[in-house]
Amino acid sequence: MTDTHRQTRETNRAVSPIIGVVLLIGITIVLSAVVAVFALEAIQDQHEQDAQPWDEQPPEATFDIDRIGDDALVTYTGGEEIDATEIAVAGDLNSSAQFDGDTVTNGETVMKPVTADNATVRVVWSTAYSEETLAEAEI
């Protein structure tokens with residue numbers, strides 16, 4: 001009876017360390033995953049904060065530029081709404097022009113007299129950090 005009791009006791013002892021090691025490895029893996037998730041979120045938040053205003057992209061927009069007599073007619077034909085202060089019509093005009101209102105939406109127009117027979121007219125998007133020509137035509 002003593003031998004049987006001793007074998008059972010030794011067998012139970014062998015299982016205990018294995019269970020302990022498996023639990024310790026499992027806890028380590030879960031803890032590492034939690035730390036990794038928090039670290040990745042912190043890095044992503046920092047990257048979003050580091051985005052600079054000069055990284056902004058010009059709006060997706062299309063314009064029709066036509067000549068009517070001695071005037072250039074610029075019509076916004078599609079795309080996202082644009083802040084009217086960021087859009088200017090320039091080129092061979094007697095002066096640059098801007099769209100009316102706070103935002104520029106489909107169908108809005110600007111008409112300005114041109115100064116040349118083959119006038120070049122541009123629609124320019126500009127912010128404090130960048131400038132991009134959205135449309136250009138010779139009329």
Side-chain angles (χ1 to χ4, degrees):
M1 185 112 135
T2 310
D3 289 334
T4 307
H5 182 63
R6 183 176 279 163
Q7 284 178 343
T8 304
R9 195 167 158 198
E10 288 175 7
T11 304
N12 287 341
R13 281 187 177 180
V15 172
S16 246
I18 292 173
I19 291 173
V21 167
V22 168
L23 286 174
L24 189 58
I25 290 172
I27 289 170
T28 303
I29 290 172
V30 169
L31 187 59
S32 298
V34 169
V35 169
V37 166
F38 281 118
L40 289 174
E41 284 180 8
I43 290 170
Q44 184 177 8
D45 289 345
Q46 184 63 39
H47 178 69
E48 289 173 2
Q49 289 174 0
D50 288 345
Q52 301 299 325
W54 53 82
D55 291 338
E56 66 183 328
Q57 297 296 313
E60 294 291 326
T62 55
F63 295 87
D64 281 341
I65 302 172
D66 299 307
R67 185 176 188 134
I68 300 176
D70 289 335
D71 293 332
L73 176 66
V74 179
T75 306
Y76 182 55
T77 58
E80 56 190 88
E81 285 188 356
I82 307 169
D83 185 348
T85 61
E86 295 177 350
I87 297 292
V89 178
D92 296 325
L93 306 170
N94 64 356
S95 65
S96 64
Q98 287 195 281
F99 286 86
D100 292 332
D102 294 334
T103 58
V104 181
T105 57
N106 279 349
E108 292 192 38
T109 61
V110 168
M111 186 176 276
K112 268 303 205 187
V114 295
T115 59
D117 287 335
N118 292 324
T120 300
V121 177
R122 293 184 318 276
V123 178
V124 180
W125 171 78
S126 61
T127 64
Y129 299 102
S130 61
E131 183 172 301
E132 184 94 21
T133 299
L134 299 178
E136 183 173 352
E138 189 174 307
I139 54 172

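Hydrogens, waters and symmetry mates play no part in the numbers below; they use all other heavy atoms, side chains included.
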Give every donor-acceptor pair under 3.5 Å between a side-chain atom in residues 106-115 and any protein atom, sequence neighbours left out.
unit_1 : atom_1 : unit_2 : atom_2 : d
Asn106 : OD1    : Gly78  : N      : 3.1
Glu108 : OE2    : Thr105 : N      : 3.1
Glu108 : OE2    : Thr105 : OG1    : 2.9
Lys112 : NZ     : Ser95  : OG     : 3.1
Thr115 : OG1    : Asp92  : O      : 3.3

Pairwise distance CD(Gln98) to CD(Glu86) - rounded to 0.5 angstrom: 10.5 Å
query: Which residue pairs pass the ring pair (Phe, Tyr, Trp, His ring centres under 6.0 Å) test with at least one member in residues 64-108, sequence neighbours excluded?
result: Phe63-Tyr76
message: Restricting to side-chain contact (heavy atoms from CB on, under 4.5 Å), what partner residues turn up for Pro59, sequence neighbours left out?
response: Glu80, Ile82, Trp125, Leu134
message: My understanding is that a hydrophobic cluster links ILVMFWY residues whose side chain heavy atoms are under 4.5 Å apart, including indirect links. Using that, what else belongs to the cluster containing Val21?
response: Ile25, Ile29
task: Looking only at non-hydrogen atoms, find the nearest pair between Thr28 and Leu24 and report the distance.
output: OG1-O, 2.7 Å
query: Counting only heavy atoms not in Asp117, do more than 12 sit closer than 6.0 Å to its CG atom?
result: no
message: Return the CG to CG distance between Asp71 and Leu93, rounded to the nearest 0.5 Å.
response: 9.5 Å
task: Quick one: closest heavy-atom pair of Ala84 and Gly101, and the distance?
output: CB-O, 3.1 Å
- prompt: Thr85: what forms a side-chain contact (heavy atoms from CB on, under 4.5 Å) with it, not counting sequence neighbours?
  reply: Asp83
message: Could you check whether any side-chain N or O of Glu136 sits under 3.5 Å from a backbone N or O of Thr120, counting only pairs where one atom can act as donor and the other as acceptor?
response: no
query: If you look only at pairs with a residue in residues 60-70, which of them pass as a side-chain hydrogen bond (donor to acceptor under 3.5 Å, both in side chains), with sequence neighbours excluded?
result: Thr62-Thr77
